[in-house]
Chemist: 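Take this structure first; my questions come after.
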Amino acid sequence: MYNNELTIKEEVKHIVEFLFIAALLGLITGAIANSKGHSFIVWWFFGTMLFIVALPCSLFLKDKTGKKCPYCAEFVSSEATICKHCHSKL
């Protein structure tokens with residue numbers, strides 16, 4: 001019985017270590033997405049659950065740090081004076 005308790009304790013320890021490492025890996029995808037103007041929490045959760053899928057997705061995200069064009073609703077650079085999509089003056 002004593003050996004079973006040690007085995008269960010070791011299994012719990014490994015599970016906690018795995019969850020801790022997964023949460024740390026989720027920080028990578030969260031930070032990348034946050035730098036591009038997306039939600040850190042959503043991308044952290046996605047990266048924690050499916051890091052191998054979330055990392056390439058976060059790397060190929062569109063940058064949302066600019067401003068939206070009032071005419072076509074596309075994101076453009078915050079320094080832009082003319083929209084690159086609809087060519088209207090901002």
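This one's a predicted model, so the numbers in the text were calculated from it and none came from an experiment. Throughout, residue positions are numbered sequentially from 1 according to the sequence presented.
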Chemist: Side chains of P70 and L90, heavy atoms from C-beta outward: is any pair under 4.5 Å?
Modeler: yes

Chemist: Could you give the distance from CG (N34) to CG (L27), rounded to the nearest 0.5 Å?
Modeler: 11.5 Å

Chemist: Hydrophobic clusters here meaning ILVMFWY residues chained together by side-chain heavy-atom distances under 4.5 Å, can you tell me if I52 and L25 are in one?
Modeler: no

Chemist: To the nearest 0.5 Å, tell me how far C83 SG sits from E74 CD.
Modeler: 7.5 Å

Chemist: Hydrophobic clustering (ILVMFWY, side-chain heavy atoms < 4.5 Å, transitive) - are I32 and M49 grouped together?
Modeler: no

Chemist: Which value, rounded to the nearest 0.5 Å, describes the distance between S58 atom OG and K36 atom NZ?
Modeler: 7.0 Å

Chemist: Just to verify, what does I41 make a side-chain contact (heavy atoms from CB on, under 4.5 Å) with, not counting sequence neighbours?
Modeler: S39

Chemist: Hey, any chance L24 and L50 share a hydrophobic cluster, counting ILVMFWY side chains that come within less than 4.5 Å of each other, even indirectly?
Modeler: yes

Chemist: So if you build clusters from Ile, Leu, Val, Met, Phe, Trp, Tyr with side-chain heavy-atom gaps below 4.5 Å, do V16 and L19 land together?
Modeler: no

Chemist: Which ring pair (Phe, Tyr, Trp, His ring centres under 6.0 Å) pairs, counting each pair once, include a residue from residues 45-86, with sequence neighbours left out?
Modeler: W43-F46

Chemist: What residues form a side-chain contact (heavy atoms from CB on, under 4.5 Å) with E17, not counting sequence neighbours?
Modeler: K13, H14

Chemist: Does K67 reach the side chain of V76, with side-chain heavy atoms less than 4.5 Å apart?
Modeler: yes

Chemist: Do S88 and C69 come within less than 4.5 Å of each other through their side chains, counting heavy atoms only?
Modeler: yes

Chemist: Which distance, rounded to the nearest 0.5 Å, do you find between the NE2 of H38 and the CG of D63?
Modeler: 7.5 Å

Chemist: Enter the distance from K89:NZ to T81:OG1 here, rounded to the nearest 0.5 Å.
Modeler: 7.5 Å

Chemist: Going only through I, L, V, M, F, W and Y residues with side-chain contacts under 4.5 Å, is there a path from L61 to F40?
Modeler: yes

Chemist: Please round to the nearest 0.5 Å and tell me the distance separating atom OG1 of T48 and atom CD1 of I21.
Modeler: 12.5 Å

